[in-house]
Amino acid sequence: IYVMALFLLIVTIFVGVDVNGSKSWLDLGFVRVQPAEFAKFGTALALARYLSEQQFIVNKGQWFMSLIIIGIPAVLILA
């Protein structure tokens, strides 16, 4: 879900439809979808999976990887 959401966010940058001054929608013909909503769900699941596989000791590497998981969709949404 996370990877598909990232793919949809990248596609939106290039072929997104402008709605009310925001190019954040994909027009599928019969419906318009906003991939950022899927990205929220996918990011939460990806972060939960990553953190569930880690030990209870929090280190800098885990913080960095958590920020990467959250940061990639955030940057794509802002783009």
Side-chain angles (χ1 to χ4, degrees):
I1 294 173
Y2 180 74
V3 173
M4 187 59 156
L6 293 179
F7 174 74
L8 288 174
L9 288 173
I10 293 169
V11 168
T12 303
I13 293 172
F14 297 107
V15 296
V17 176
D18 187 23
V19 176
N20 294 330
S22 176
K23 188 177 177 181
S24 59
W25 294 83
L26 287 177
D27 190 0
L28 301 179
F30 56 93
V31 67
R32 288 184 181 162
V33 294
Q34 194 171 22
E37 299 303 319
F38 298 116
K40 290 178 197 177
F41 181 68
T43 301
L45 289 176
L47 186 61
R49 180 174 180 184
Y50 171 73
L51 292 176
S52 70
E53 295 172 351
Q54 303 301 313
Q55 299 294 327
F56 286 108
I57 301 170
V58 179
N59 61 31
K60 290 180 184 177
Q62 291 173 346
W63 276 98
F64 182 71
M65 189 60 187
S66 297
L67 288 175
I68 294 295
I69 291 171
I70 295 169
I72 292 173
V75 168
L76 289 174
I77 290 169
L78 290 174

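Just so you know, these numbers use all the heavy atoms, side chains as well, and skip hydrogens, waters and symmetry mates.
Put simply, Leu9 and Leu78 are part of two different groups of oily side chains (I, L, V, M, F, W, Y) that touch within less than 4.5 Å, one to the next. Follow the hydrophobic side-chain contacts under 4.5 Å out from Phe41 and you never reach Val75; the two are in separate clusters. Cluster membership check: Leu28 does not share its hydrophobic cluster with Val17, using side-chain heavy-atom separations under 4.5 Å among Ile, Leu, Val, Met, Phe, Trp and Tyr. Note on Phe14: it clusters hydrophobically with Ile72, by side-chain heavy-atom contacts below 4.5 Å among ILVMFWY residues. Linking ILVMFWY residues whenever their side-chain heavy atoms come closer than 4.5 Å, directly or via other members, leaves Leu76 and Val19 in distinct clusters.
By the side chain to side chain contact (heavy atoms under 4.5 Å, CB included) test, Leu47 pairs with Leu51, Ser66, Ile69, Ile70, sequence neighbours left out. Take Leu26 and apply the side chain to side chain contact (heavy atoms under 4.5 Å, CB included) test, not counting sequence neighbours, and it matches Leu8, Val11, Thr12, Val15, Val33, Pro35. Remark: Gln34 pairs with Ser24, Trp25, Ala36, Glu37 by the side chain to side chain contact (heavy atoms under 4.5 Å, CB included) rule, at least two apart or across chains.
Residues Ala5 and Ala39 share a closest heavy-atom pair of CB-CA, 3.6 Å. Considering all non-hydrogen atoms of both residues, Tyr50 and Gly61 come closest at OH-O, 4.0 Å. Of all the heavy atoms in Gly42 and Ile1, the pair that sits closest is CA-CG2, 3.7 Å.
To the nearest 0.5 Å, the span separating CD1 on Ile77 from CD1 on Ile13 amounts to 10.0 Å.
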